[in-house]
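Proteins come first, then strands; the chains are lettered A, B, ... in the order of their sequence lines, and each starts at number 1. These figures come from a predicted structure and were not determined experimentally.
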Amino acid sequence: MPELPEVETIARTLASEVESRLILDVEVLDESAIAPEPGSFRERVLGRRIARVDRRGKLLLLHLQAAGGKDGGEIAVHLRMTGRVLALPPGESPVRPRVVLTLSDRGCGAMLLVFSDVRRFGRMLAFAPGGGPDSIDHWPFYRDLGPEPLLITAEEFRQRLAPRGKKSKARIKALLLDQGVIAGIGNIYADEALLRAGIRPDAVAGAISARRQDKLFAAIQAVLTQAIAENGSSIRDYRDAHGDAGSFQNHFRAYGRAGQPCLTCGAALRSLRVAGRTSTFCQHCQTA
DNA sequence: ACGGATTCCTGATGGC
DNA sequence: TGCCATCAGGAATCCG
């Protein structure tokens with residue numbers, strides 16, 4: 001499922017294909033895929049130029065430009081579990097498209113930007129420019145996102161785990177998955193980082209020593225950085241904007257390995273439900 | 001302020 | 001082999 005490294009990979013592979021192109025047509029095949037309603041969505045997107053593609057947490061962001069180079073708002077895509085964003089040459093038929101944007105020629109042919117999603121959990125949202133009530137800055141999910149894990153220090157990370165200086169009673173994994181605490185981490189990278197840091201997913205966050213919190217932060221950064229270098233993890237659905245799979249799934253030590261031996265000590269990994277998610281961990285290598 | 005359940009979805013998987 | 005139940009999960013929402 002697309003987490004930070006997967007969305008980062010999509011942003012990178014999409015950017016070179018679509019940046020500077022104009023959005024010439026908008027085809028909404030599944031109205032539940034978008035917001036606001038089709039009329040406003042079209043109005044906010046049609047005729048705009050895709051100036052820049054980047055990422056914030058698990059959100060893919062297309063920054064738009066209006067005529068005269070003015071701010072044109074944003075398109076934000078949340079892929080949830082099975083969403084895909086693909087850059088395709090016209091004529092190629094994508095699998096179960098929900099939204100298709102036709103983009104202008106850039107001297108090397110026109111292009112389609114396709115949002116598809118078998119499970120239909122994902123969303124493509126269009127925001128107005130200018131900081132008004134319809135702008136992305138007023139979208140609570142976006143506004144309340146925690147910091148980027150690759151752009152903060154260990155000290156800032158510790159502060160995020162202890163809001164207003166109070167020790168949190170929440171389980172550490174619940175905090176890692178909370179996008180308002182830190183942005184971009186999902187079930188895969190939470191389990192991978194916790195295993196590498198030797199911390200149980202159900203450990204009470206406030207009871208973890210500063211030294212071990214720093215170790216967790218280092219593990220998060222290491223895992224995310226390596227996953228980005230491997231173009232993300234493809235369990236089954238995830239693909240980049242070219243339709244290519246990632247390879248970090250070959251480096252999983254925890255996720256999906258319940259019952260299999262711990263790669264450090266050989267004990268069978270166990271699984272536990274924490275914060276409503278299946279959490280795989282090693283009883284010997286990870287402690288509260 | 002926390003955990004838990006529920007909802008949204010469909011495909012994969014496992015038991016019988 | 002076929003059928004059915006279960007599971008997977010990000011985030012919103014409600015409830016205790």
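The CD1 atom of A:Ile199 sits 13.0 Å away from the SG atom of A:Cys285 when rounded to the nearest 0.5 Å.
In this structure, CG of A:Asp202 is placed 16 Å from C1' of B:dG4, rounded to the nearest angstrom. One can place OH of A:Tyr255 at 15 Å from P of C:dC7, the figure rounded to the nearest angstrom. If you measure from atom NZ of A:Lys173 to atom P of B:dG4, you get 13 Å, rounded to the nearest angstrom. The distance from atom CZ of A:Arg84 to atom P of B:dG11 is 13 Å, rounded to the nearest whole Å. Computed from coordinates, the A:Arg273 CZ to C:dT6 P distance equals 14 Å when rounded to whole Å.
Distances from the side chain of A:Arg96 to the nucleotides B:dT13, B:dG3, B:dT10 place B:dT10 closest. Listed candidates were C:dA8, B:dT10, B:dA12. Nearest to the side chain of A:Arg236 is B:dA12.
Regarding contacts with the backbone of B:dA1, every side-chain N or O of A:Ser168 stays at 4.0 angstrom or more from both OP1 and OP2.
The residue among A:Ala170 and A:Val118 whose nearest nucleotide of DNA chain B is located toward the 5' end is A:Ala170. Between A:Gly276 and A:Lys166, the one whose closest nucleotide on DNA chain B sits nearer the 5' end is A:Lys166.
Across all strands, A:Arg123 comes closer than 4.0 Å to no nucleic acid atom at all (heavy-atom distances). Residue-level contact check: A:Thr82 touches neither bases nor backbone, having no heavy atom under 4.0 Å from any strand.
Classification of A:Arg160 and A:Glu156 as a salt-bridged pair fails, no side-chain N sitting under 4.0 Å from a carboxylate O. Salt bridge annotation for A:Asp134-A:Arg44: present, with a cationic side-chain nitrogen under 4.0 angstrom from a carboxylate oxygen. We find that A:Asp30 and A:Arg120 are joined by a salt bridge, their nearest charged nitrogen and carboxylate oxygen being less than 4.0 Å apart.
Side chain of A:Arg239 to backbone of A:Asp244: no donor-acceptor contact under 3.5 angstrom is found.
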Please list, one pair per line, the donor and acceptor atoms closer than 3.5 Å that link side chains of residues 179-192 of chain A to other protein atoms, with sequence neighbours excluded.
residue  : atom : partner  : partner atom : Å
A:Gln179 : OE1  : A:Gly184 : N            : 2.8
A:Gln179 : NE2  : A:Leu177 : O            : 3.0
A:Gln179 : NE2  : A:Ile185 : O            : 3.0
A:Asn187 : OD1  : A:Lys173 : NZ           : 2.5
A:Asn187 : ND2  : A:Thr278 : O            : 3.0
A:Tyr189 : OH   : A:Glu6   : OE2          : 2.6
A:Tyr189 : OH   : A:Ser233 : OG           : 2.6
A:Asp191 : OD1  : A:Lys173 : NZ           : 2.6
A:Asp191 : OD2  : A:Thr280 : N            : 2.8
A:Glu192 : OE1  : A:Arg196 : NH1          : 2.5
A:Glu192 : OE1  : A:Arg253 : N            : 2.9
A:Glu192 : OE2  : A:Arg253 : N            : 3.2
A:Glu192 : OE2  : A:Ala254 : N            : 2.9
A:Glu192 : OE2  : A:Tyr255 : N            : 2.8

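Where the helix from B:dC2-C:dG16 to B:dC16-C:dG2 starts and where it ends, the local axes point in directions that differ by 60°; five pairs per end, rounded to 10°.
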Got a list of protein N/O to nucleotides 10-14 of chain C N/O distances below 3.5 Å?
residue : atom : partner  : partner atom : Å
C:dG10  : OP2  : A:Arg277 : NE           : 2.8
C:dG10  : N2   : A:Arg80  : NH1          : 2.4
C:dG10  : N3   : A:Arg80  : NH1          : 2.5
C:dA11  : OP1  : A:His78  : NE2          : 2.8
C:dA11  : OP2  : A:Lys58  : NZ           : 3.2
C:dA11  : OP2  : A:Gln179 : NE2          : 3.3
C:dA11  : N7   : A:Arg277 : NH2          : 3.3

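Donor-acceptor pairing under 3.5 Å is lacking for the side chains of A:Thr9 and A:Asp240.
Centroid-to-centroid, the aromatic rings of A:His138 and A:Phe127 stay 6.0 Å apart or farther.
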>> Apply ring pair (Phe, Tyr, Trp, His ring centres under 6.0 Å) to residues A:Phe121 and A:His78 and explain how you reach the verdict.
In response: CA-CA 9 Å; A:Phe121 276 17; A:His78 198 311; over 10 Å; no

